[in-house]
Amino acid sequence: MDLLNTLVDKGLRREVPTRDEALAVLATSDDELLDVVAAAGKVRRTWFGRRVKLNYLVNLKSGLCPEDCSYCSQRLGSKAEILKYTWLKPDDASKAAAAGVAGGAKRVCLVASGRGPTDKDVDRVSETIATIKEQNEGVEVCACLGLLNDGQAERLRAAGADAYNHNLNTSEATYGDICTTHDFSDRVETVQQAQAAGMSACSGLIAGMGESDADLVDVVFALRELDPDSVPVNFLIPFEGTPLAKEWNLTPQRCLRILAMVRFVCPDVEVRLAGGREVHLRSMQPLALHLVNSIFLGDYLTSEGQAGKDDLAMIADAGFEVEGTDTTTLPAHRRDTADATETADAAAPADAESATVPAPSEETRRDLVAVRRRGAGTDLPPNA
């Protein structure tokens, strides 16, 4: 396909595709799917080889969030029967993190529900970061605490946070449809605060909330403009008890096309396969490794993932390797100059914008959503 040849050439030059080209990727047919994966895979391997970075989530505080994000099982008014607990103590959080590190995780992501941290919360998380780094040599720590106030990003960076995550989630035009307690610009501002403080920015999206192809392209182009170092791609987990519980809009094929589009738009960025991969990609997960270079190991915030040992077996069976702590994830040209150790070595159809999203052909599989009942906040060992 001329389109794919063009996108590969642009990806190898780190050149942004046109919006119509990105839409055309989402509009490709199932017959063309393996060609799309192969093309995006070439871009992925050029910048990241066959390495897969493992990340591990620690939910520091679960549930009871005052925000009304429709997709979230921890939202205000959620009836999802998830674990609910207040802040983990630093030692407990460090023990949870150690399980992920032992399983091969290179980065630990510390997440807390809520609109954003108080200054006391920042102190608490800073102590947790210090404890984790003291007990786990070489581990990266990413904080995800919601909207930041002035000075908080700098304090987290001073405490040792390497990165900060705050997802844009969906397009600016439709953001008000999924959340009313804050807006799209609040999220953009928090990502920019993290960058200004010297943290690596991590910001991504959630697919499957009923958005159009145009919405998906809009949010990915907004992310490209923000230029985060890592872009997590989540697929909606339709928790019972949330407003989006009936949104089962994804097929494995559509998920792969979305990941390919993200890779073409963000060719040299750490693209992370995040929440919902087991629910929506299912047996097609190994194909996604040709598109992404990063995944979460084990469980998520409020849902269970596949067994950590199965994640590791999947990576090995697909011919990839787990990225070690002695390897820098990003290509040399994207690293901070002070940390760099090496030198950097076809048209969319006219109606692509209005193309409708194909409905899944299978029946809803609500049995695939498993609420997390182990790990942080429980007496049971974590999945790592």
Side-chain angles (χ1 to χ4, degrees), residues 1 3-4 7 21-41 44 70-71 169-171 174 177-178 204-220 231-240 242-265 271-292 295-296 300 303-306 310-311 314 318 348-349 351-370:
M1 294 173 65
L3 167 69
L4 297 179
L7 289 170
E21 286 167 344
L23 283 165
V25 173
L26 297 179
T28 53
S29 69
D30 287 351
D31 287 344
E32 299 165 315
L33 182 62
L34 289 181
D35 293 330
V36 172
V37 171
R44 178 252 199 267
S70 300
Y71 53 83
N169 290 329
T170 193
S171 69
T174 59
D177 295 336
I178 65 164
L205 65 141
I206 305 173
M209 297 189 291
E211 69 284 333
S212 67
D213 283 3
D215 290 322
L216 285 170
V217 169
D218 282 350
V219 68
V220 176
V231 175
V233 180
N234 297 276
F235 299 110
L236 177 71
I237 302 176
F239 277 96
E240 290 293 333
T242 64
L244 298 184
K246 298 186 185 304
E247 293 287 343
W248 288 80
N249 301 310
L250 298 169
T251 63
Q253 294 80 8
R254 179 158 175 80
C255 291
L256 290 170
R257 282 190 284 269
I258 291 169
L259 293 171
M261 185 269 288
V262 175
R263 174 56 72 197
F264 285 130
V265 178
V271 177
R272 183 178 309 144
L273 181 55
R277 65 177 165 95
E278 298 90 342
V279 177
H280 297 292
L281 278 163
R282 301 188 289 279
S283 62
M284 300 281 274
Q285 288 183 71
L287 268 183
L289 296 177
H290 292 271
L291 307 170
V292 306
I295 67 170
F296 281 111
Y300 303 96
S303 66
E304 294 185 351
Q306 70 182 15
D310 292 338
D311 288 334
M314 176 180 72
D351 61 347
E353 182 103 18
S354 60
T356 56
V357 177
S361 58
E362 59 192 280
E363 294 182 1
T364 295
R365 289 291 307 279
R366 300 190 187 282
D367 59 301
L368 293 170
V369 179

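Treat the numbers as computed from the prediction; the structure is a model and nothing was measured.
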### Task
Walk me through it: do Met314 and Asp310 pass the test side-chain contact (heavy atoms from CB on, under 4.5 Å)?
CA-CA 6 Å; Met314 176 180 72; Asp310 292 338; over 6 Å; no

Across all chains, not counting sequence neighbours, the salt bridge (Lys or Arg N to Asp or Glu O under 4.0 Å) partners of Asp218 are Arg19

Closest non-hydrogen atoms of Glu211 and Ile206, given as atom of the first, atom of the second and distance, are OE1-O, 4.2 Å

The reported gap from OG1 in Thr28 to CG in Leu4 (rounded to nearest 0.5 angstrom) is 7.5 Å

The reported gap from NE2 in His280 to CD in Gln253 (rounded to nearest 0.5 angstrom) is 13.5 Å

With sequence neighbours left out, the residues meeting side chain to side chain contact (heavy atoms under 4.5 Å, CB included) with Leu259 are Val233, Phe235, Leu273, Leu281, Ala288, Leu291, Val292

Sequence neighbours excluded, the answer for salt bridge (Lys or Arg N to Asp or Glu O under 4.0 Å) partners of Arg277 is Asp311

Closest non-hydrogen contact found for Gly208 with Asn249 is O-ND2, 3.3 Å

Sorted by chain and number, sequence neighbours left out, side chain to side chain contact (heavy atoms under 4.5 Å, CB included) with Ala22 holds for Val217, Phe221, Met261, Val265

In this structure, CG of Leu287 is separated from CG of Leu33 (nearest 0.5 Å) by 7.0 Å

Closest non-hydrogen atoms of Ile178 and Met209, given as atom of the first, atom of the second and distance, are CD1-CE, 3.9 Å

Across all chains, not counting sequence neighbours, the side-chain hydrogen bond (donor to acceptor under 3.5 Å, both in side chains) partners of Glu304 are none

Value for CD (Gln306) from CD (Gln285), rounded to nearest 0.5 Å, stands at 4.5 Å

Closest heavy-atom pair, Ala40 versus Arg263, reported as atoms and distance to 0.1 Å, is O-CG, 3.7 Å

In short, Phe239 meets Ala245 closest at the heavy-atom pair O-CB, 3.2 Å

All heavy atoms of Leu250 vs all of Leu236, minimum pair found to be CD1-N, 4.4 Å

**Message:** Do Leu205 and Val220 make a side-chain contact, defined as non-hydrogen atoms from C-beta onward lying under 4.5 Å apart?
**Reply:** yes

Hits for side chain to side chain contact (heavy atoms under 4.5 Å, CB included) against Ala318, two or more places apart or cross-chain, chain-then-number order -> Pro286, Leu289, Phe320

CD of Glu247 to CD1 of Ile237, rounded to nearest 0.5 Å, is 15.0 Å

Sorted by chain and number, sequence neighbours left out, side-chain hydrogen bond (donor to acceptor under 3.5 Å, both in side chains) with Thr242 holds for none

For Ser171, the side-chain hydrogen bond (donor to acceptor under 3.5 Å, both in side chains) test, sequence neighbours excluded, returns Thr174, Asp215

Residues pairing under salt bridge (charged side-chain N to carboxylate O under 4.0 Å, His left out) where one sits in residues 22-35, two or more places apart or in two chains, turn out to be Asp30-Arg257

Stepwise side-chain hydrogen bond (donor to acceptor under 3.5 Å, both in side chains) check, Tyr71 with Asn234
CA-CA 11 Å; Tyr71 53 83; Asn234 297 276; over 6 Å; no

